[in-house]
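Let me begin by presenting the structure, written as structure tokens, before commenting on it.
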There are 4 protein chains.
Amino acid sequence: MFFPRVTTGSDRPIYRQVVDQIRLAVVGGKLRPGDSLPSVRAMAEHLLVNPNTIAKAYAELMREGFVQAQQGKGVFVADRRPVLSAAERQRRLQAAVEQLAHEAAGLGFSSKQIQEALAKKLGGMAGMGETEQKP
Amino acid sequence: MFFPRVTTGSDRPIYRQVVDQIRLAVVGGKLRPGDSLPSVRAMAEHLLVNPNTIAKAYAELMREGFVQAQQGKGVFVADRRPVLSAAERQRRLQAAVEQLAHEAAGLGFSSKQIQEALAKKLGGMAGMGETEQKP
Amino acid sequence: MFFPRVTTGSDRPIYRQVVDQIRLAVVGGKLRPGDSLPSVRAMAEHLLVNPNTIAKAYAELMREGFVQAQQGKGVFVADRRPVLSAAERQRRLQAAVEQLAHEAAGLGFSSKQIQEALAKKLGGMAGMGETEQKP
Amino acid sequence: MFFPRVTTGSDRPIYRQVVDQIRLAVVGGKLRPGDSLPSVRAMAEHLLVNPNTIAKAYAELMREGFVQAQQGKGVFVADRRPVLSAAERQRRLQAAVEQLAHEAAGLGFSSKQIQEALAKKLGGMAGMGETEQKP
DNA sequence: GTGGTCTAGACCACT
DNA sequence: GTGGTCTAGACCACC
């Protein structure tokens with residue numbers, strides 16, 4: 001059974017962390033279509049968070065098409081990966097990159113330092129690199 | 001006179017957009033130490049926002065050491081000085097990098113694609129690379 | 001639950017008084033990491049001031065690393081970490097010392113009298129002397 | 001002719017700096033009863049500040065009894081030093097000392113560090129130590 | 001004129 | 001419930 005890890009006290013909301021990690025597990029192949037996910041209550045107890053928070057995360061994942069709820073049975077990974085338009089994906093990446101650039105520039109870091117920090121972070125993340133999608 | 005551009009209805013707060021753009025203009029050399037910035041009221045009228053919102057942005061920039069307010073005279077670009085500890089700067093860089101990594105991973109981009117997008121963005125920014133500060 | 005005392009009509013702004021007292025309680029050990037602080041609304045009602053004023057105080061304390069806010073849960077005392085650079089801390093100490101020197105000199109006190117008053121005040125404060133940080 | 005030195009961009013208002021320095025020169029004996037001070041206009045031109053600022057400083061000094069204006073002749077140091085009640089002087093000293101203690105404690109300085117910074121500052125100031133007044 | 005503080009009240013996101 | 005943002009409008013200190 002897949003359980004994400006969340007850290008309270010981060011600037012990233014808990015429900016967002018849950019969404020991120022499940023999404024990442026799906027696109028990375030750790031979770032396959034048909035796999036079942038923990039119930040809202042089970043995950044809430046496991047992570048020691050409010051059930052509403054998990055419910056919100058699942059709702060977001062359902063809206064995006066990553067998971068599907070089957071009445072009375074539980075939550076499952078959906079068959080097909082949802083698609084965002086290439087333009088939309090690119091637009092969001094640009095926005096995210098821009099935000100990092102602004103923040104780091106304000107802190108006085110050089111381009112090299114920023115890129116090294118990113119490389120280090122990406123190197124330690126699982127499931128990246130095999131999921132490339134051509135725009 | 002320098003005026004930032006803000007878009008209401010964005011997920012990024014208005015005062016944050018103002019801070020970002022002025023900070024960028026300063027580190028990018030578009031604004032130099034001693035340059036005067038628009039008065040709180042003038043910028044508020046220009047951007048069609050509440051003066052308090054601009055005051056908040058200026059207060060943030062003052063705390064970060066980017067600008068200096070002189071009672072009754074106005075707000076001016078300050079001589080750059082490192083206000084944050086090396087550890088704090090590093091902590092903030094990590095947080096910013098992490099956010100990009102999660103966002104981009106959720107969108108299904110590969111490590112390589114993310115790094116290329118960042119490299120492209122940094123390459124197009126003025127004043128980066130010369131501002132390196134040793135921790 | 002910790003509640004500061006503020007006096008309206010003082011030359012020191014209310015939000016500053018709140019910041020001062022909470023900061024003192026933290027460095028003096030009266031408030032320990034993890035302790036929860038009154039909610040913005042609760043403290044505002046207790047002190048008979050506007051919630052925004054308390055929010056501003058908490059925002060300041062967060063920036064300085066004394067407290068940490070958790071969306072939807074409340075405000076908590078943070079683990080201490082040095083946020084400011086050594087140079088910035090020194091700069092602020094100098095400014096504070098200078099202010100006392102001017103004020104006391106204007107009142108006609110001798111160097112010796114000022115130093116004795118300070119020694120007496122510092123002697124009566126908890127948690128001082130163990131918190132030394134090398135620059 | 002006595003001219004104070006002011007630094008713009010400080011957190012201490014200019015008119016306050018002028019008041020401080022003249023007051024200090026009087027209690028320190030550098031200026032003696034009957035000595036004439038620069039005219040508002042002359043000092044404003046010399047310090048490159050607004051005449052209103054100097055006028056405000058002189059008004060404050062006159063209210064306190066340090067100087068006296070003689071219509072058409074100029075501003076002169078007053079005969080007798082003004083007296084504040086012992087209790088009031090002590091109260092103000094306590095408040096000033098307290099403020100430094102709060103600020104420095106928040107910055108994480110030890111008692112010893114604070115006292116050393118004060119001693120260094122006082123050592124460099126003229127006219128102190130001979131002006132002791134018994135409370 | 002300038003920035004700084006405070007109030008009152010609204011809406012939003014998160015738990 | 002919690003904190004975060006924004007608006008509208010007031011008063012003050014300073015130049």
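Quantities reported herein were computed from a predicted structural model and do not represent experimental measurements. Just so you know, these numbers use all the heavy atoms, side chains as well, and skip hydrogens, waters and symmetry mates. Sequence lines set the chain letters: A, B, ... in the order given, protein chains first and strands last, and positions in each chain run from 1.
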Whole-Å distance separating the CD1 atom of Ile54(B) from the P atom of dA8(F): 13 Å
Ignoring hydrogens and angles, tell me if any N or O in the side chain of Arg89(C) forms a donor-acceptor pair with the backbone of Leu107(D) under 3.5 Å. yes
Would you mind telling me which residue lines up with the more 5' stretch of DNA chain E, Ala42(B) or Gln71(C), judged by nearest nucleotide? Ala42(B)
Pair Val26(C)-Leu61(C), side chain to side chain contact (heavy atoms under 4.5 Å, CB included): steps then yes or no: CA-CA 11 Å; Val26(C) 171; Leu61(C) 287 164; over 6 Å; no
Does Thr53(C) place a side-chain N or O at less than 4.0 Å from the phosphate oxygens OP1/OP2 of dT7(E)? yes
Of all the nucleotides listed (dT5(E), dT15(E), dG4(F)), which has the minimum atom distance to the side chain of Lys73(C)? dT15(E)
Check the distance between dG1(E)'s P and Glu45(B)'s CD and give it to me in whole angstrom. 10 Å
Output the rounded distance in Å from CG (Asn50(A)) to P (dA13(E)). 18 Å
What integer distance in Å separates Arg12(A):CZ from dG3(F):P? 23 Å
Provide, to the nearest angstrom, the distance between the NZ atom belonging to Lys56(C) and the P atom belonging to dC6(F). 15 Å
Could you check Val40(B) against Tyr58(B) for side chain to side chain contact (heavy atoms under 4.5 Å, CB included), going step by step and ending with a plain yes or no? CA-CA 8 Å; Val40(B) 169; Tyr58(B) 276 167; 3.8 Å; yes
Judged by each residue's nearest nucleotide on DNA chain E, which is more toward the 5′ side, Ile14(A) or Gln70(B)? Gln70(B)
Quickly work out the Phe76(B) CZ to dC15(F) P distance and round it to whole Å. 12 Å
I need the Phe2(D) CZ to Leu37(D) CG distance, nearest 0.5 Å. 8.0 Å
For the pair made of CG in Asp11(C) and P in dA13(F), what is the distance, rounded to whole Å? 11 Å
By nearest atom, which of the nucleotides dT2(F), dG3(E), dC14(F) is closest to the Val75(B) side chain? dG3(E)
How close or far is atom C1' of dA8(E) from atom CG of Leu48(C), stated in whole angstroms? 15 Å
Identify the nucleotide, in any strand shown, that forms a Watson-Crick or G-U wobble pair with dC12(E), with both distances under 3.5 Å; if there is none, say none. dG3(F)
Out of dC6(F), dT7(F), dC14(F), whichever nucleotide has its closest atom nearest the side chain of Tyr15(B): dC6(F)
Looking at the side chain of Pro13(C), which of dT5(E), dT15(E), dC14(F) is the nearest nucleotide? dT5(E)
Tell me if a side-chain donor or acceptor on Gln17(C) pairs with a main-chain N or O of Thr7(C) at a distance below 3.5 Å. yes
Can you tell me whether the side chain of Asn52(B) and the base of dG9(F) have a donor-acceptor pair closer than 3.5 Å? yes
Give a yes or no on whether a donor-acceptor pair under 3.5 Å exists between the nucleobase atoms of dG3(F), that is its base, and the side chain of Arg41(C). yes
